[in-house]
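Reminder, nothing fancy here: chain letters follow the sequence lines and each chain counts from 1.
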Amino acid sequence: MYRFVDTIVTILDRELKGRGLPGLPEIGRGWIEQPPEPELGDYAFPCFRLAKALRKPPAVIAQELAAALQGALAAEPLLTAIESAGPYVNFRVSVEELARHTLPAILDGSSFEQSGRVRREKVMVEYSQPNTHKAFHVGHMRNVALGDALVRMMEYVGHEVIAANYIGDVGAHIAKCLWYYRNHRTEAPPAANRGEWLGEMYTAATRLLEAAPPAERKTYEAEVSRVLAQLEAREGEVYRLWEETRAWSLEAFHEIYRWLGARFDHWFYESGMELGRQIVEDGLRRGILVRSQGAAGMDLEPYGLGFFLLLKADGNTLYSTKDLALAHLKFERYGIERSIYVVGTEQNLHFQQVFKTLELLGYAQAARCQHLSYGLVMLPEGKMSSRAGNVILFSALRDRMNAYILSHYLEPHRGDWSDAEIAETCRRIAVAAIRYGMIKQDPAKNIVFNLEDWLVSEGDTGTYLCYAYTRICSVQRLVPREPDPRADFTLLTHENEKRLVRELYDFNRSVHQAAEQLRPNLVANALFRLAKEFSRTYTTSSVKNAENDAVGDARLALFAATRAVLERGLHLIGIVPPERM
RNA sequence: GCGUCCGUAGCUCAGCCGGAUAGAGCAUUUGCCUUCGAAGCAAAGGGCCGCAGGUUCGAGUCCUGCCGGACGCGCCA
């Protein structure tokens, strides 16, 4: 991954060390940059930091270095030119060597074998965490897109990953939903989409409660508390209704994940976290946790994290209590070394408190707990709110995307392609559009979700990436030879071809950086750059109409490698591109 | 009030843990389909990188203050 950079570092180091000057800083990979314009070169070495030790202006140093390195250049087949430009020494790498180093490794798949690059860890990624009895909307999809991508990326760089879901299947919201369902519902449950319908029941419940006059409201709230108590008793008619309706929601979630192609290895349920109470009581006995105003929690004031409430004054557990239990289970039962939580930014403080509390309770793994926090999905008119009823539900989004893609692009193929292929192609494109849109931005930032914009299939979109992929497929259908890893890469002479090779070469580094920083958007960005370079090259470098077969072979290898990286890269962000569209 | 995050082109966003004239997409304008898919490519216009200081050879990037926005700050999740 650093072969060319390391070569440059070695050459520079040898040259500078040979001068025997004291006070010269150590040169490492971090010094080497990429010039802003490809015409300048492929790698650059800035000389500013040598100015002090060498007591010369950077531009003079650059000039002298470039001159002194000509000998090394002649002996080094990886490099074709070393020139100074102002305070920089620019290096040009051999396209042939770059291609020879990059393309065959992609074509035989070895480029995708990353094991050994990082210390292998057993890591759990917890994501999605939907609440049953509530509707699943576009805001929830950002979480799934981020979490699932992170799972795939971590595996790609060599970790053992357990993908976990954590279902919110207890709590006041469910009591409200079931209260409305039993006392105020006017329709029978539908045969299909019962999950979303339950969400409507919940929304109707909150509306009814909010709109009720004070006296009536009090009655309602008493009824809701009674439902909650019956739920906590874990038996009886209300409990059985909970079991039944809970299953409707879970069924809906499974359908969504299936459609999106998201994977979960383990499912945790909030209803299964009773252990939390014991952990708190144990912490109290050990004097680590404290009582306060009748409640119990952890005093995190010394760490600037306030007081972390863990048990209510009435003795009931909280979300925080269950998070301790969940962490305990993850550590003890699944033996993980590292734990990543994909949860919205609004819980930043909460997870700082959880991690610090785990540490103080003695869990060594607390040091390897991370919160991948992400911003809200906003509508152009503002925040989405299920209470206000201005959410875009999953099914609505899926239906709108399907309708758009079918009518604009796929209907003409009806009859020519099988209905099954049309449906599957449509799904893949819709998933690509949504997942890419949810991932391409920095997780920390809010996303403005404008449905009309998301339907558009142009520009920096998942559709564009799929389109690039299908064009390569198309080329390979028309030129049905096997790509030759030993093709003559000196024939890749066009600037576009070279830039494409360079993009392919850089891809793995982007994925590693993305995994390290927990930023799937870096993979998305790298894929867009790659697709862009391919689309450019596509217009200048025909395979079918190449000057001769040798040139065609070189280009075919280049395109086939691009296809392989696109496919693997898209897979990393959960996108399966269609072969044609 | 305190804390965290964000502020870059008309709009939506990149900007590689400090480096060369700040880049995309959308929108606007203009070229390119009898030659591998135009969901594409090429090009143009459009910027006191919120404001003011500071550190540095060098700041969109780091530090401080201010302005604007989002989120959070004990019995919700």
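- Of the listed nucleotides (rA39(B), rU4(B), rG37(B)), rU4(B) has the atom at the smallest distance from the side chain of N348(A).
- Aromatic stacking is not marked for Y467(A) over rG37(B), as the cut-offs of 5.5 Å for the centres and 30° for the planes do not both hold.
- Among the protein residues, Q129(A) comes within range of no part of the nucleic acid, since none of its heavy atoms lies under 4.0 Å from any strand.
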Can you give me the N/O atom pairs linking the protein to nucleotides 25-34 of chain B at distances under 3.5 Å, or say none if there are none?
from, atom 1, to, atom 2, distance (Å)
rG25(B), OP1, K532(A), NZ, 3.3
rG25(B), O2', D460(A), N, 3.3

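- Side-chain N/O atoms of D460(A) and Y436(A) include a donor and acceptor closer than 3.5 Å.
- Both thresholds, 5.5 Å between centres and 30° between ring planes, are met by Y538(A) relative to the base of rC36(B), so the two rings are stacked.
- We find that E421(A) and R580(A) are joined by a salt bridge, their nearest charged nitrogen and carboxylate oxygen being less than 4.0 Å apart.
- R428(A) has a carboxylate O that lies under 4.0 Å from a charged side-chain N of E424(A), or vice versa, which qualifies the two as a salt bridge.
- Ring to ring, H371(A) and F355(A) are not that close: their centroids are 6.0 angstrom or more apart.
- For R246(A) and Y269(A), the positive end sits near the middle of the six-membered ring, less than 6.0 Å away and at most 45° from its axis.
- Checked by distance alone, N90(A) brings a side-chain donor or acceptor within 3.5 Å of a matching partner on the base of rA20(B).
- Comparing rG7(B), rA77(B), rC57(B) against the side chain of K52(A) picks out rC57(B) as the nearest.
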